[in-house]
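Just below is one structure, and these are the notes that go with it.
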Amino acid sequence: MPSAYYAPLDQPLTSTDDDDEEADIERHQQQHQRRPKGAAAPSIPFLEAHHHSPMAHLRVASGVVGGRRRCLLPLVLALLFLIAFCYFTFGADTRLALGLGGGGGGSDDSDDGMHSLDGILSRALNETLHLCSEGLFDQRLYVQDKPMEEYGNLPIIYFVTPTYPRREQIPELTRLAHTLLHVPRLHWLVANDQEGCNVFMDLMLKGFGIPYTHLASPMPSNFRKAKPAPRGVANRRAALQWLRQRNLTNGILYFGDDDNTYDLRLFSEIRQTQRVSMFPVGFIADYGVSGPVVRKGKVVAFLDSWLAGRRWPVDMAGFAVNLQYMAQFPNVNMPYKPGFEEDRFLRSIGLRLDQIEPRGNNCTEILVWHTQTKSKKAAVVRLESEYLDGRSNLGALFRSLKIMGVASASDTEGPKALISKNGKAAAHSTILS
Ligand code: UGA
Ligand code: MN
């Protein structure tokens, strides 16, 4: 496990408010509140999250101890061995989580174990981040049928999209790109959850002509094993780091997942954000919606079916932040804590209820939908390589499908490719050779 991922917390969270509420949240978590189906599950104890298998063994072991006393000694020894193993293998965070101390910067977070846990998951931004490619010039001549100059000096929207390799990735990004192509003065920060740079994606992003930055920002491997895993967090953190490294203090930040559906009016709404704006998001959990409650033009509360003690029970797609405002909070953070990313991010920028700007006609309209795509495995088609040459289109087609992670051809695996003519299946050789 690379120790870089366990950099000690050199900066505490900028929590301007009382710590009691933090403790409340932890209590709520401990009471096993569950986020409803379709939404992210709540945080899980550190050990379960990151060292699932060793601890699973421990739990099984203690059950056996109760049943068969003669197994006690070997099991105690095994337990001690496992603790020692974790201690020396996984480093500071495990030591902290095991209550063995010596956890570096995290230990000054609090005496309380759960508090330390929160500290670890919210450690200072120090992500593995590769800049794959960047296009800083807007190559579009017209947007929404108006020449680019008509948009003058509108503040730039930094649209942060975490994405990850799976069959749906390229179609999702294609669909999203075709929404963003209609939006002037936008910089698309695409942060891919993978080690290396995806060259196909570089070319694709360049081709759209929208100013963009393509980052490779993989989820730390220890978090990937967790259930639920903190999806899209490493990439959003990388994007925050990118913004901070460039000292970008002019513009609007919006976290736009690759699989959501965005109404074009959303962009004009968020562009006016002074500090933090909020609006309802459709398709969230049990109520089919999550968003602010507004009275007399002011946000007074929130409607969301999964509270879990969150002060800001909103969806990632339900708010936008002005970068100048955010710049006042150097400890901006988003924790690796499924279900609590939004709340803790908004806490890290010292948000107050009276500062929130309701958008979307006082939060009466849905301008963004939390749509989800069903995930399926990439297809394998049995199509002998001898037919995948220049004699037909199929060679080039399957090479490109493979690069996109959608389907691949195999000589030996998968259902045999059915080729037909005049409604009748025909031998590959008759059609392709
Ligand atoms: C919900 C929230 O809207 C997300 O903001 C939150 O990150 C996520 O739950 C969570 O906490 O797990 P949901 O639609 O359930 O989102 O999750 P996905 O769409 O699967 O993932 C959210 C974003 O992270 C997507 O843009 C996705 O491409 C990206 N992601 C997902 C990764 O970068 N890596 C992954 O392993 C999975
Ligand atoms: Mn999603």
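Heads up: numbering here begins at 1 and tracks the sequence. Every number for a ligand or one of its atoms is a count from 1 in the order of the listing. From a predicted model like this one, the values you see are computed outputs, not experimental measurements. Only heavy atoms go into these numbers, but all of them, side chains included; no hydrogens, no water, no symmetry mates.
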Answer yes if the side chains of D411 and S385 hold a donor-acceptor pair under 3.5 Å, and no otherwise. yes
Once you restrict to heavy atoms under 4.0 Å, what part of V233 touches ligand 1? Side chain, backbone, both or neither. neither
Distance-only, no hydrogens or angles: does the N198 side chain make a donor-acceptor pair with backbone N or O of M201 under 3.5 Å? yes
Under 4.0 Å, heavy atoms only, figure out whether ligand 1 is touched by the backbone of D258, its side chain, both or neither. both
Between the side chain of R167 and the main-chain N/O of A379, is any donor-acceptor distance below 3.5 Å? no
Quick one: which ligand 1 atoms are inside 4.0 Å of a heavy atom on M219? 36 (O)
Sub-4.0 Å heavy-atom contact, H370 with ligand 1: yes
If you count heavy atoms of other groups shown closer than 6.0 angstrom to CZ of R246, is the number above 12? yes
At under 4.0 Å between heavy atoms, which part of Q169 makes contact with ligand 1: side chain, backbone, both or neither? neither
Counting each atom of ligand 1 from 1 as listed, which ones have a heavy atom of M316 under 4.0 Å away? 5 (O)
For atom CD of E134, decide whether the heavy atoms of other residues, nucleotides or ligands shown that lie under 6.0 angstrom number more than 12. yes
Closest to the Mn ion (ligand 2), among the N/O/S atoms of D259, is atom OD2
If the plane angle is over 60° it's perpendicular, under 30° parallel, otherwise tilted; pick one for F223 and Y336. parallel
What are the atoms of ligand 1, with element, lying closer than 4.0 Å to any heavy atom of D315? 3 (O)
Would you kindly specify which portion of R231 sits under 4.0 Å from ligand 1, judged on non-hydrogen atoms: side chain, backbone, both or neither? both
Any N or O of E341 closer than 3.5 Å to N or O of ligand 1: yes
Looking only at N/O atoms, are P162 and ligand 1 under 3.5 Å apart anywhere? yes
Ligand 1 versus R236, non-hydrogen atoms closer than 4.0 Å: side chain, backbone, both, neither? side chain
Check the pair R224, D193 against salt bridge (Lys or Arg N to Asp or Glu O under 4.0 Å), reporting the backbone distance first and the verdict last. CA-CA 11 Å; R224 208 178 282 287; D193 182 356; 2.7 Å; yes
Under-4.0 Å heavy-atom contact with ligand 1, by part of D193 that carries it: side chain
Give the intermediate values and the outcome of ring pair (Phe, Tyr, Trp, His ring centres under 6.0 Å) for residues F340 and W306. CA-CA 11 Å; F340 292 84; W306 188 70; 5.4 Å; yes
Tell me, with the steps shown, if N322 and T273 meet side-chain hydrogen bond (donor to acceptor under 3.5 Å, both in side chains). CA-CA 6 Å; N322 186 304; T273 306; over 6 Å; no
